[in-house]
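The chains referred to below are lettered A, B, ... by the order of the sequence lines, with proteins before strands, and numbering in each begins at 1.
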There are 2 protein chains.
Amino acid sequence: MRRQGEVDASNWFSDVKLDPRSAEPLYQQIADMIMYKILHHVLPPGTKLPPERELAALFDVSRTTAINAYRLLERQGWVKTRVGSGTYVERHAVESNGNSGNKGNAGQMPWTELFAARPQSPLSTILRDLVAAPLAEDNIALAAGMADPATFPIESMQRLFAERAGTAAPIDFGHIPTEGYNPLRHAIATGLAAKGIAATADQVMTFSGSQNGLYLLARVMLEPGDYVVVEAPTFIGAVQVFQGAGARLLSLPVSEGLNLALLEDYLIRYRPKFFYINPTFHNPTGRVLSERERHDLIELAARYRLVIVEDDAYGELFYHHPPPLPLKALDSYGGVVYLNTFSKLLFPGLRIGYLAASPTLINRLAMEKQYIDLHTSNISQWLLHVYLESGQLPLHASRVRSIYKKRRDALAQALRHYCGADLSFSIPDGGFYLWCRIERPVTARDLLHEAIKGGVSFVPGDAFYTTPESGEREFRFCFTSHPETVLWEGARRIGDTLRRMTKARRPAHSAVAVQPII
Amino acid sequence: MRRQGEVDASNWFSDVKLDPRSAEPLYQQIADMIMYKILHHVLPPGTKLPPERELAALFDVSRTTAINAYRLLERQGWVKTRVGSGTYVERHAVESNGNSGNKGNAGQMPWTELFAARPQSPLSTILRDLVAAPLAEDNIALAAGMADPATFPIESMQRLFAERAGTAAPIDFGHIPTEGYNPLRHAIATGLAAKGIAATADQVMTFSGSQNGLYLLARVMLEPGDYVVVEAPTFIGAVQVFQGAGARLLSLPVSEGLNLALLEDYLIRYRPKFFYINPTFHNPTGRVLSERERHDLIELAARYRLVIVEDDAYGELFYHHPPPLPLKALDSYGGVVYLNTFSKLLFPGLRIGYLAASPTLINRLAMEKQYIDLHTSNISQWLLHVYLESGQLPLHASRVRSIYKKRRDALAQALRHYCGADLSFSIPDGGFYLWCRIERPVTARDLLHEAIKGGVSFVPGDAFYTTPESGEREFRFCFTSHPETVLWEGARRIGDTLRRMTKARRPAHSAVAVQPII
């Protein structure tokens, strides 16, 4: 007895029959046939399909088989069963009708729905925004940690390329080992000896920037749920990579010296995969770990076989005497991974970072890096190598040190002049940054919001912490990318903004409750 | 009653007591205390710990709590319970005794045990071996797919760098957007128009080689268990990346034209995330998809909203007339991702690949790329941009086309001369490769084994397949990296090897059964 509005479903399936000897179960065969007819518009969206009993009769199968066929189709999004009504072809099962005449009409692919679900770092866009943010004509950007482009030794490299390219073996611009361009690895190993690090070329690996090294370390060492110890505050780019790998972060405050008791507690309780530390001219605070602290840390780490990832991006940028030897120079147990970059000392556009570590680790990193980019740019590696060979680096380093020292002092003086007791900070012995604390009831985010209008920007402190509500009154200035006069003007703008905000003194910023998403 | 050999455990714990108000459960507190004492050598390796009953009495807790404490410790590797004997501190729980005087003695860290478990591609090392294998002095390497270093336009780039570096804004060597160096993106978009692809600069993204683009596509789109359709045979580097992301691969044979019925079957059954295809001068077979096939594929893909990842690495390397327009030029539904590289046309050491796709996809790729390397080498991007601007590329392309065409013909002629009916192949209209079939009962792996001794190498066919026992008699020659005389000598060596092997005619290579690992 056919009710009104129903069509005779038997026509739809008169041309097909099941194969009882197939390895594929009968419900799967039925589901496939229905899918095929949906895709070919024999069964357009919205079509009511026969009830299970009728479907079973059409194909001469049990009712369970018919139910299973519909269940499979529903799970795959082809049909929808409405209780008390029946089973219908989904409206969106086929989104196109095969009309390929609409050329140039983009945006028809549901791209965002195709992306893999990933743990998104809560900081996910900060780093990129800092790197890519277009700067207003008159904005004084004290945010991104960058060397001054005016110091980039582009001309030297240009001369060297012109002089030396003839001597290059063309094969050096073909495929090279994933671990790096060998002459560059040798040159880096030589440079490490001057820092007390005894590494052979096969204990050195180059990367497409130290970010690439951090990413690879995370890929090779971290599984979701693993623990990693980081300083608080710490470098954003590292935190993002660790969180992206699903790691849980344990914060070790840097404010009152190295807290080894807390670190040991973490080691016992959580067995972290590694401790990521920036011991020298720390980003963002400028702190330097003392020689005593370095020895104690290594002793503890050796006892627990703790891997230390030592980021030494700023070690060459000292403005008084050279800092203590890197942790890697004290490494008694082979557990320190020394990571460095030429982005701060030379320029970021080289995209060359490197690490010194056990060849076992380097082999594993190279196995992974081949998937990611085969190897780092030969052009960059070759140019850097001839630059290092030319012996110009020490001179360049001493030149930028003297420039940056003056800038550090200028910014500190200007901030004291324009901000007085509104801001507190200590003067770092090296590196790129002045870490400030706002001594007024104003958060760094609010200050940034206003400061950008006033034409100056910086990085608010909370960006460097992995725990909420940390660093709210702190922020980071980079003092290396502008000449002194600009730094004075930047400080003046900050001072003005801060004074205006503390005068206008709105009601204290109250915490906004988290709203459930419904 | 204390039995012989046991010590009074109560002394060990006389200095500690539990905190009943702590949020930490009692068994956890007990476990923490024992761990602490193991780490501080109060309880050296091998120490027999008190029986559960005694431990419970010592801390005045239930026996269950004591059992749970030991269970936790055992799970974390600190202790080991031997049935009928008792619980002992593990020998390897603490591998170092804090002696930091053994400086320089590396290899003490258990590095390999620290690496994350990952699905390892069965092909995992082939690609890297091909790229990095040291070549014997007299070996003729016809394996890696590389342009001839003698053709690399290093001198042109050197001149351009010398001429143009003065005009570069230093900021171009600082941090730039993750999506790529904008002038280069514009230049690439202009070049795409000549291929019938209408893309604006924001629909173009640059990568650290096209491998980097493939890796990012996999990161952004694939979750473990997802399906991806690939050609069989196909490019190894892509397969490795997809497998590394946990994808399941569906093979579409290229031998008898594009099998759209099988593709549609895959689409219905598996809803693959994308189809990775190399439609023009296919690696390794040289096949070109006809215009008709391209249209039919796009029509089917549009109907199913199938993402097509079109790898066009060889499209410019045609030796007769230009190939049909890329699939991207026919893209009616916005689902084609066009991927290309400058490695084949210029040189691999540039490490510049790019893709043209929806800005939605590019944004997501850039979000991911910032973790991996922030952005691609500016030096490489800047140099490539001035090179493209200089208008030298078309001339270079026509130069290498005429060189490579002669080499293709030379290798084909030499193989016919030296191998005769032992090998069959068809002559490709473009690209880098000659795909050969051994018409004798010799596998390509066995041939390679002998050929290397004879001083010539190639890639055995099975490396290009994802299914076992495919391509056993096939292999790939790259004809672009050596001059004709060397290709003739390579062919002679192959011919000799093959003749020697078919004469020596060992018993047919019998399949070795898979042995269970016990």
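Here the straight-line distance linking atom OH of A:Tyr181 with atom CG of A:Asp172 works out to 3.5 Å at 0.5 Å rounding. Here the straight-line distance linking atom CD1 of A:Ile362 with atom CD of A:Gln203 works out to 7.0 Å at 0.5 Å rounding.
Using a 4.5 Å cut-off between heavy atoms, A:Phe347 touches chain B through backbone and side chain atoms alike. Residue B:Ala198 does not touch chain A at all, counting heavy-atom pairs closer than 4.5 Å. Residue A:Glu264 touches chain B through its side chain alone, counting heavy-atom pairs closer than 4.5 Å. Contacts between A:Leu216 and chain B at a heavy-atom distance below 4.5 Å are absent for every atom of the residue.
Under the 30°/60° scheme for interplanar angles, the aromatic rings of A:Phe161 and A:Trp382 are found to be tilted.
Panel note: side chain A:Arg305, backbone A:Gly335; no donor-acceptor pair is recorded below 3.5 Å.
When the candidates B:Thr151, B:Asp226, B:Leu214, B:Val307 are compared by the number of heavy-atom contacts under 4.5 Å with chain A, B:Val307 comes out ahead. Residue with the most contacts toward chain B among A:Gln28, A:Met146, A:His295: A:Met146 (heavy-atom pairs, distance under 4.5 Å). Most heavy-atom pairs under 4.5 Å with chain B: of the set A:Lys273, A:Arg159, A:Gln158, this distinction falls to A:Gln158. For the set B:Leu383, B:Asn378, B:Ile372, the entry with the most heavy-atom pairs within less than 4.5 Å of chain A is B:Ile372. Heavy-atom pairs under 4.5 Å with chain A peak, among B:Val241, B:Thr376, B:Leu361, B:Thr360, at B:Leu361.
No hydrogens or angles considered: nothing links the side chains of B:Ser208 and A:Ser208 as a donor-acceptor pair under 3.5 Å.
The existence of a salt bridge linking A:Arg364 and A:Glu368 is confirmed by a sub-4.0 Å separation between a basic side-chain nitrogen and an acidic carboxylate oxygen.
Results of the side chain to side chain donor-acceptor pair (under 3.5 Å) test with A:His375 over A:Gln370, A:Gln381, A:His175 single out A:His175 as the only residue that passes.
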